[in-house]
Structure formats: structure tokens, C-alpha cells
Amino acid sequence: MRYLLLINNDADYLATADPADFEAMRPEYFTFTEEIRESGEFQHGEALQAADTATTVRVRNGETLVTDGPFAETREVLGGFYLVDCKDLDRAIELASRIPGARDGSVEIRPIQELAMPDEAS
């Protein structure tokens with residue numbers, strides 16, 4: 001089963017944290033990523049730039065509306081993700097708990113909804 005592990009951080013924490021703390025965490029991310037590569041569970045993962053670099057697009061009545069910034073003002077912001085393929089939710093929870101960002105933020109686990117493309121359905 002495939003899961004998206006969404007790494008969220010408190011926006012206030014990100015604004016005030018010492019950059020050295022993030023640099024100290026980087027090797028932990030590399031180690032975690034290498035471990036799930038070796039186990040065959042890693043499919044993809046990326047760190048995202050800060051939420052204030054986001055652009056939000058909406059289409060209303062045929063008009064495209066573009067807004068600088070994230071979709072909604074929230075306390076937590078999406079900082080990165082892992083796409084994993086593992087046996088079940090229990091394993092996804094185990095993996096999420098090992099992501100360094102879970103210590104000062106949270107990791108949301110979302111199962112991937114497998115959809116067949118129209119030409120694949122037959």
C-alpha cells in the first residue's frame with residue numbers, strides 16, 4: 001500500500017528556530033532516507049521551500065485566480081514529504097515516527113487512492 005507522509009512544522013517555530021538546529025537534523029534525514037531506500041519502501045521524497053514562496057491557483061467561473069502564498073493561513077505548514085510503499089498502516093506509522101521532523105512538528109499519513117486511467121480499466 002502506498003502512503004504519503006506529509007511533514008508539517010509549526011510556522012512560529014520555523015520563524016524563530018536556530019538554522020543550526022535544521023543543519024544538525026539533515027544527516028538524520030539522509031540516514032532515514034537511505035534506510036527506507038534499502039528496505040524498498042522509498043518511492044519519492046522532497047523538502048519544500050518555505051510556505052511564503054507558495055502560489056495558489058483557483059479557477060472560478062472560467063477565470064484563473066492566482067494568489068501569492070499558501071491556500072490558507074494555518075499554524076502548521078507543509079515542509080516536505082515522503083511517498084512510501086509499505087505493507088500496512090502500522091508500518092507507515094512506524095516510518096512516520098522515525099522522521100526527524102516528527103519530534104517538533106507532525107507527520108500526517110495519507111493513503112494513496114489508486115485510480116485506474118480510462119485506458120487501463122479494460
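Positions are given from 1, in the same order as the sequence printed here.
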message: Using side chain to side chain contact (heavy atoms under 4.5 Å, CB included), reason through Leu65 and Val57 one step at a time and then give a plain yes or no.
response: CA-CA 6 Å; Leu65 307 170; Val57 176; over 6 Å; no
- prompt: Are Arg60 and Glu63 close enough, and set up right, to give a salt bridge (Lys or Arg N to Asp or Glu O under 4.0 Å), and what steps lead you there?
  reply: CA-CA 5 Å; Arg60 300 293 185 270; Glu63 182 180 352; over 6 Å; no
message: If you apply the rule salt bridge (Lys or Arg N to Asp or Glu O under 4.0 Å), what do you find for Arg110 with Glu108, and how did you get there?
response: CA-CA 6 Å; Arg110 298 282 299 271; Glu108 178 183 348; 3.3 Å; yes
- request: Determine, step by step, whether Glu28 and Arg103 satisfy the side chain to side chain contact (heavy atoms under 4.5 Å, CB included) criterion, reporting the C-alpha distance in whole Å, the side-chain angles of both residues, the deciding distance to 0.1 Å, and the verdict.
  value: CA-CA 12 Å; Glu28 294 180 64; Arg103 291 194 304 262; 2.9 Å; yes
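A salt bridge links Glu41 with Arg91: the closest approach of a Lys/Arg side-chain nitrogen to an acidic carboxylate oxygen falls below 4.0 angstrom. Look at Lys87 and Glu94 and you find no salt bridge, because none of the NZ, NE, NH1 or NH2 atoms lies under 4.0 Å from a carboxylate O.
Interatomic distance, CD of Glu76 versus OG of Ser106, reported as 3.5 Å (0.5 Å rounding). Distance check: Met1 CE to Asp88 CG gives 10.0 Å after rounding to the nearest 0.5 Å. Separating the OG atom in Ser39 from the CG atom in Leu95 is a distance of 7.0 Å, to the nearest 0.5 Å. Taking CG of Leu4 as the reference point, atom CZ of Phe81 lies at 6.5 Å (rounded to 0.5 Å). In this structure, Leu5 CG and Ile99 CD1 are separated by 4.5 Å, a value rounded to the nearest 0.5 Å. For the atom pair CZ (Phe42) and OG1 (Thr33), the distance works out to 6.0 Å, reported to the nearest 0.5 Å.
Closest of all the heavy-atom pairs between Gly101 and Met25 is N-SD, 4.1 Å. Residues Leu78 and Asn8 come closest through the heavy atom pair CA-OD1, 3.6 Å. Nearest heavy-atom pair, Ala102 versus Val107, reported as atom, atom and distance to 0.1 Å: CB-CG2, 3.8 Å. For Asn9 against Gly79, the heavy-atom pair with the smallest separation is OD1-CA, 4.4 Å.
Close placement of the Phe32 and Tyr82 rings is indicated, their centers lying within 6.0 Å of each other.
Within a 6.0 Å radius of CZ in Arg98, other residues, nucleotides and ligands contribute more than 12 heavy atoms. Other residues, nucleotides and ligands place no more than 12 heavy atoms under 6.0 Å from the CD atom of Gln49.
The hydrophobic cluster containing Ile7 does not contain Ile112, counting ILVMFWY residues as joined when their side-chain heavy atoms lie under 4.5 angstrom apart, directly or transitively.
A donor-acceptor pair under 3.5 Å is formed between the side chain of Tyr3 and the backbone N or O of Leu89.
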